[in-house]
Visitor: 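Dropping a structure here in structure tokens format, bear with me for questions.
Here is how names work: the chains are called A, B, and so on, in the same order as the sequence lines, proteins then strands, and each is numbered from 1. Quick caveat: nothing in here was measured; it's all calculated off a predicted structure. Any value given below was found using the heavy atoms of this structure, including those in side chains, with hydrogens, waters and symmetry copies removed.
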Amino acid sequence: MLHESLCHLPVILLILWVSGIFGDFSTRLHILPQDILVLYFLRKCPCGAPILKEVALLPPINAYFKNNDSRPKLNELPLCRRFAGMDEVRRAKLQELRKLGIEPYPTEPFPTNTTAAEILRSYPQKKSEFKSVRLAGRLWRKRLMGKASFAVLRDETGDIQLYFQRDTFAEKPEWYDVVFKKLLDLGDIIGVEGFVFTTKTGEITIHVEYFRLLAKCLHNLPIEKATEEKTYAALTNPELRYRMRYLDLIVHLEVREIFRQRTAIVQAIRDYFNEKGFLEVETPILQSVYGGAFARPFTTYHNALGMELFLRISNELFLKRLIVGGFTGVYEFSKDFRNEGIDRYHNPEFTQVELYVAYQDYYWMMEEVERLLERVVRQVKGTLKVKYGEYELDFTPPYRRVRYYEALEERMGRDVRNLSEEALIELLREREVPLPEPPYTKINLIAQLFDKLVEPSFIQPTFVLDYPLEISPLAKRHRQAPELVERFELIVAGKEIANAYSELNDPLDQRARLERQAALRAAGAEAMPLDEDFIRALEYGLPPTAGLGLGIDRLAMILCNVRSIQEVLLFPLLRPQ
RNA sequence: GUCCCCAUAGCUCAGCGGUAGAGCAGCGGAUUCUUAAUCCGCGGGUCGCAGGUUCGAAUCCUGCUGGGGACACCA
């Protein structure tokens with residue numbers, strides 16, 4: 001062996017020499033196509049030992065001489081190989097089922113009488129009630145062992161083990177051997193009927209006596225597997241999860257739980273408001289004048305009217321019109337649309353619930369928010385202490401209350417109200433806070449300081465109250481300080497989740513403040529347009545009113561302990577593919 | 001809108017100039033208490049798209065598309 005290799009040495013040296021002619025050999029130690037050509041002509045080592053045979057499998061010659069069509073054509077392969085790993089395997093099984101007279105998408109219903117969770121919860125106490133169960137869901141795992149097999153069924157409520165035994169199977173044995181073992185795939189939707197028992201290892205299991213295919217699944221499912229030592233991740237790519245949310249929901253029971261909780265949050269809020277006698281209403285999404293918030297709107301076009309319309313950025317002005325109209329408490333779960341950037345706290349369409357209650361003020365509303373959240377958090381989480389990331393948030397009222405300027409002074413170590421614009425800009429630079437959008441007004445700079453330095457520091461539920469008048473054009477002047485308004489925000493985990501005022505009901509003041517906004521708008525700033533009809537409504541008399549906006553997505557993020565808003569939106573906005 | 005990172009098998013990822021890899025899923029076989037079933041065998045890819053550099057590109061460069069993160073806007 002050794003001497004054979006040695007006798008190839010001259011050939012190898014020849015190769016190196018020829019290669020040197022073709023290119024910069026010093027940078028590589030690999031065999032090139034031209035090397036192979038040399039070998040091809042030499043064929044044999046001077047000692048007589050064949051060379052080409054040994055070299056023939058080297059990569060370049062493979063590429064060099066290989067006929068591209070030498071591989072078997074796809075349709076020449078037997079079916080089982082041709083479509084291995086592809087959806088077509090399942091398509092073929094579907095045809096096979098039809099041949100056996102089994103419709104893969106039957107019309108007949110399959111009424112169930114229990115669920116996986118129900119069996120797991122109640123069977124140990126009430127064994128006699130589970131002699132004949134019917135349930136339906138996806139076939140989730142198969143552990144085939146010859147004449148008996150285990151499988152897992154996943155229904156809406158969770159997973160339960162199935163047991164199939166050839167000899168006790170009610171149908172013909174072929175149903176076990178062919179239909180169950182060969183033609184059913186993971187992900188297929190089936191209905192099963194049988195009795196519940198406990199295995200030797202203590203797992204509650206359905207002994208299946210009859211099953212029915214209800215819908216064939218034509219895709220391979222990414223199925224998660226996990227043990228103590230190791231987890232085989234299934235579907236973690238966020239893009240795929242959001243684009244194919246149905247798949248995400250099939251695979252991840254915890255994702256289903258997030259959306260159940262989101263719905264539970266909405267229901268708890270609705271229940272609370274309804275018990276209070278507030279009226280749930282619906283107001284226009286398509287508006288010819290938008291308002292109620294600072295935001296760029298989406299525009300659309302009405303063909304018959306021949307006019308531009310806006311998707312609402314807020315429903316505030318409509319709800320106040322309803323209070324003018326005589327309702328004392330109205331609320332709406334409002335999907336609002338804002339034409340702004342997308343990040344983990346912002347989606348272009350999002351949901352808030354807004355509530356307006358006549359004859360109340362923001363102090364009353366603060367207590368109302370505490371009572372509401374106490375109820376909602378307890379109902380959804382079963383406790384008032386909620387884990388959010390590294391924090392444990394405590395929703396037990398009362399929440400800390402801190403005035404806007406006092407919080408700012410506490411954080412900055414001095415009162416910033418008397419500083420000049422230049423001094424404020426300097427202060428922002430000093431604290432490494434990016435400058436806001438120009439024009440730089442005192443109030444914009446102060447608001448930037450507050451938003452960047454103060455707000456994120458409130459982790460536990462905290463009311464910040466008495467905001468500057470300039471940044472709150474719809475809130476009533478503070479009863480003691482005319483440069484402030486009666487407004488609060490609720491901050492949790494450093495983010496605003498609610499915003500409320502004693503609503504401005506002085507039509508003259510409101511007109512002046514909105515005209516000021518209109519002037520700012522004309523100067524290029526983001527500000528509210530003037531809604532003449534809204535002013536007119538106020539002129540008819542809005543009772544003293546407390547108003548609230550509560551961000552449902554943000555609240556859901558906190559209560560579900562997720563860090564991105566996309567996790568609490570079933571179908572977050574993504575670019576189309 | 002700006003900057004940084006990512007895109008390889010159905011899924012999760014490795015490879016980062018020299019024949020495209022693993023685990024899970026899939027296919028064939030064995031298996032009547034398994035549970036990540038196990039054991040034996042097998043297949044699976046336009047390496048996001050388009051150019052460029054190179055004898056040779058999944059790998060290096062440029063552009064594009066999509067996503068993630070940060071910033072800006074905003075809630």
Visitor: Which part of the nucleic acid, if any, lies within reach of I497(A) when heavy atoms closer than 4.0 Å are counted: base, sugar-phosphate only, or nothing?
Guide: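 Contact class for I497(A): none.
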Visitor: Separation of R563(A) atom CZ from rG69(B) atom P, in whole Å?
Guide: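 Taking CZ of R563(A) and P of rG69(B), I get 7 Å after rounding.
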Visitor: Would the number of heavy atoms belonging to other residues, nucleotides or ligands and lying under 6.0 Å from CD of E432(A) be above 12?
Guide: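 Check fails, neighbour count at 12 or below.
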Visitor: Take atom P in rG45(B) and the same atom in rA22(B), then report the distance between them in whole Å.
Guide: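 After rounding to an integer number of Å, I get 13 Å for this pair.
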Visitor: Could you check which nucleotide pairs with rA50(B) in any of the strands shown, counting Watson-Crick or G-U wobble with both distances under 3.5 Å?
Guide: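 Pairing partner, where one exists within any strand: rU62(B).
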Visitor: Suppose we call a contact any N or O donor and acceptor under 3.5 Å apart; does that hold for the side chain of S149(A) and the base of rU34(B)?
Guide: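 Donor-acceptor pair under 3.5 Å: no.
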Visitor: Over all strands shown, is G341(A) touching base, sugar-phosphate only, or nothing at heavy-atom distances under 4.0 angstrom?
Guide: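 Base: the residue G341(A), judged by heavy atoms under 4.0 Å, touches a nucleobase.
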Visitor: Taking atom C1' of rU12(B) as reference, at what distance in whole Å does atom CE of M244(A) sit?
Guide: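 Checked: the CE to C1' distance equals 16 Å.
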Visitor: Does the side chain of R344(A) get closer than 4.0 angstrom to OP1 or OP2 of rA70(B) through an N or O atom?
Guide: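 Checking rA70(B) against R344(A), a side-chain N or O does come within under 4.0 Å of OP1 or OP2.
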Visitor: Could one point to a donor on the side chain of Q161(A) or the base of rU34(B) with an acceptor on the other under 3.5 Å away?
Guide: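 Present.
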Visitor: Mind checking if D185(A) touches a base, just sugar-phosphate, or nothing, with heavy atoms under 4.0 Å?
Guide: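 Sugar-phosphate contact only - D185(A) comes under 4.0 Å of backbone atoms but never of a base.
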Visitor: Say we look at rA25(B) and rG68(B): how far apart would their P atoms be, to the nearest angstrom?
Guide: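 The same atom, P, in both gives a distance of 29 Å.
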Visitor: Which value, in whole Å, describes the distance between the P atoms of nucleotides rG41(B) and rA9(B)?
Guide: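 Looking at atom P only, rG41(B) and rA9(B) are 26 Å apart.
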Visitor: Please examine the side chains of T462(A) and V492(A), heavy atoms only from C-beta on, and report whether any two atoms are closer than 4.5 Å.
Guide: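 The answer is no, as the side chains (C-beta and beyond) never meet within the 4.5 Å cut-off.
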Visitor: Verify the contact: side-chain N or O of R143(A) to OP1 or OP2 of rA37(B), cut-off strictly under 4.0 Å; return yes or no.
Guide: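 Yes, R143(A) has a side-chain N/O under 4.0 Å of OP1/OP2 on rA37(B).
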Visitor: Show the numbers, then the answer: is there a side-chain hydrogen bond (donor to acceptor under 3.5 Å, both in side chains) between R312(A) and S334(A)?
Guide: CA-CA 9 Å; R312(A) 72 175 164 206; S334(A) 171; 3.1 Å; yes
Visitor: Please compare Q165(A) and L221(A) by the position of their nearest nucleotide in RNA chain B and report the one closer to 5'.
Guide: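 Counting from the 5' end, the first nearest nucleotide belongs to L221(A).
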Visitor: Any side-chain N or O of Q566(A) less than 4.0 Å from the OP1 or OP2 oxygen of rG68(B)?
Guide: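 Yes, because at least one side-chain N or O of Q566(A) sits under 4.0 Å from OP1 or OP2 of rG68(B).
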Visitor: Could you state the CD1-P distance from I313(A) to rC73(B), rounded to the nearest angstrom?
Guide: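 Going from I313(A) (CD1) to rC73(B) (P), I get 17 Å.
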Visitor: Can you check the L235(A) CG to rG23(B) P distance for me, whole Å?
Guide: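 Between P of rG23(B) and CG of L235(A): 21 Å.
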Visitor: Mind calculating the distance between CG (N220(A)) and C1' (rC27(B)) to the nearest angstrom?
Guide: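 Going from N220(A) (CG) to rC27(B) (C1'), I get 11 Å.
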Visitor: Taking the ring centre of each residue, are Y163(A) and F197(A) less than 6.0 Å apart?
Guide: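 Yes, they do, as the ring centres are separated by less than 6.0 Å.
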Visitor: How far, in whole Å, is rA20(B) from rU59(B) if one measures between their C1' atoms?
Guide: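 My reading of the C1' atoms in rU59(B) and rA20(B) gives 12 Å.
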Visitor: For rA22(B), give its Watson-Crick or G-U wobble partner with both distances under 3.5 Å, or none.
Guide: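 Checking every strand shown, rA22(B) finds its partner in rU12(B), with both distances under 3.5 Å.
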Visitor: Taking the C1' atom in each of rU54(B) and rC61(B), what is the distance between them to the nearest angstrom?
Guide: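 Going atom to atom, C1' in each nucleotide, I get 12 Å.
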Visitor: Any base atoms under 4.0 Å from D451(A), or only sugar-phosphate, or nothing? Heavy atoms, all strands.
Guide: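 No contact.
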Visitor: Give the nucleotide from the list rU12(B), rG67(B), rC33(B) with an atom nearest to the side chain of T236(A).
Guide: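 In terms of side-chain proximity for T236(A), the closest of rU12(B), rG67(B), rC33(B) is rU12(B).
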Visitor: Does R243(A) reach a base, just sugar-phosphate, or nothing at all? Heavy atoms under 4.0 Å.
Guide: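 Answer is sugar-phosphate: R243(A) comes under 4.0 Å of backbone atoms only.
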Visitor: Rounding to an integer number of Å, can you tell me how far L574(A) CG sits from rG67(B) P?
Guide: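 After rounding, the gap between these two atoms is 6 Å.
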Visitor: Please determine whether a side-chain nitrogen or oxygen atom of R575(A) lies at a distance below 4.0 Å from atom OP1 or OP2 of rG66(B).
Guide: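 So the side chain of R575(A) is within the cut-off, an N or O lying under 4.0 Å from OP1 or OP2 of rG66(B).
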Visitor: Starting at CG of L144(A) and ending at P of rG28(B), how long is that distance when rounded to a whole Å?
Guide: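 After rounding, the gap between these two atoms is 11 Å.
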Visitor: Is the aromatic ring centre of Y345(A) closer than 5.5 Å to the centre of the six-membered base ring of rA75(B), with the two planes inclined by less than 30°?
Guide: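 Taking the rule of under 5.5 Å and under 30°, the ring of Y345(A) does not stack on rA75(B).
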Visitor: If you check the M145(A) side chain, which of rU31(B), rG68(B), rU12(B) turns out closest?
Guide: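 Selected nucleotide (nearest to the side chain): rU31(B).
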Visitor: Is R166(A) paired with D177(A) through a side-chain N to carboxylate O contact shorter than 4.0 Å?
Guide: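 So D177(A) pairs with R166(A) through a salt bridge.
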Visitor: Please report, rounded to the nearest Å, how far the P atom of rG43(B) is from the CD atom of E88(A).
Guide: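 Taking CD of E88(A) and P of rG43(B), I get 19 Å after rounding.
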Visitor: Does the side chain of E332(A) come under 3.5 Å of the side chain of T283(A) through a donor N or O and an acceptor N or O?
Guide: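 The answer is yes; a qualifying pair exists.
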Visitor: According to a strict under-4.0 Å criterion, is K452(A) in side-chain N/O contact with OP1 or OP2 of rC71(B)?
Guide: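 No, outside the criterion.
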Visitor: Please report the distance separating the C1' of rC60(B) from the corresponding atom of rG56(B), rounded so that it comes out in whole Å.
Guide: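 The answer is 13 Å between these two C1' atoms.
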Visitor: Looking at Y345(A), does the NZ or CZ of K495(A) lie under 6.0 angstrom from its six-membered ring centre and within 45 degrees of the ring axis?
Guide: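 Yes; both conditions hold, so K495(A) lies above the ring face of Y345(A).
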Visitor: Under 4.0 Å: is that the gap between some side-chain N or O of R90(A) and OP1 or OP2 of rG10(B)?
Guide: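 It does not, given that no N or O in the side chain of R90(A) lies less than 4.0 Å from OP1 or OP2 of rG10(B).
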Visitor: Please give the distance between the P atoms of rC42(B) and rG52(B) as a whole number of Å.
Guide: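 It comes out at 41 Å once rounded to the nearest Å.
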Visitor: Paired with rA37(B) by Watson-Crick or G-U wobble geometry, both distances under 3.5 Å: which nucleotide is it?
Guide: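 Pair assignment: rA37(B) / none.
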Visitor: If we take the P atom in both rG10(B) and rA30(B), what is their distance in whole Å?
Guide: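 Pairwise P distance, rG10(B) against rA30(B), rounds to 29 Å.
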Visitor: Do D343(A) and rC71(B) have a side chain to base donor-acceptor pair shorter than 3.5 Å?
Guide: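 Per atom types, no contact qualifies.
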Visitor: Who is the Watson-Crick or G-U wobble partner of rU2(B), with both distances under 3.5 Å?
Guide: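 The base-pairing partner of rU2(B), which may sit in any strand shown, is rA70(B).
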Visitor: Can you spot which of Y404(A), F488(A), F458(A), Y362(A) makes a ring pair (Phe, Tyr, Trp, His ring centres under 6.0 Å) with F463(A)?
Guide: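 One option only clears the test, and that one is F488(A).
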Visitor: Picking from rU31(B), rU12(B), rA75(B), which would you name as closest to the side chain of F294(A)?
Guide: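 For F294(A), the side-chain atoms sit closest to rA75(B).
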Visitor: Closer than 4.0 Å, any side-chain N/O of K182(A) to the OP1 or OP2 of rG29(B)?
Guide: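 For rG29(B), OP1 or OP2 has a side-chain N or O of K182(A) closer than 4.0 Å.
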Visitor: Side chains of T168(A) and Q165(A): is there a donor and an acceptor less than 3.5 Å apart?
Guide: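 Result is yes, a qualifying pair exists.
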Visitor: Please pick, from rG26(B), rC33(B), rA75(B), the nucleotide with the shortest atom-to-atom distance to any side-chain atom of V89(A).
Guide: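 So the nucleotide nearest the side chain must be rG26(B).
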Visitor: What is the nucleic acid contact for Y176(A), judged by heavy atoms within less than 4.0 Å: base, sugar-phosphate only, or nothing?
Guide: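 Contact class for Y176(A): none.
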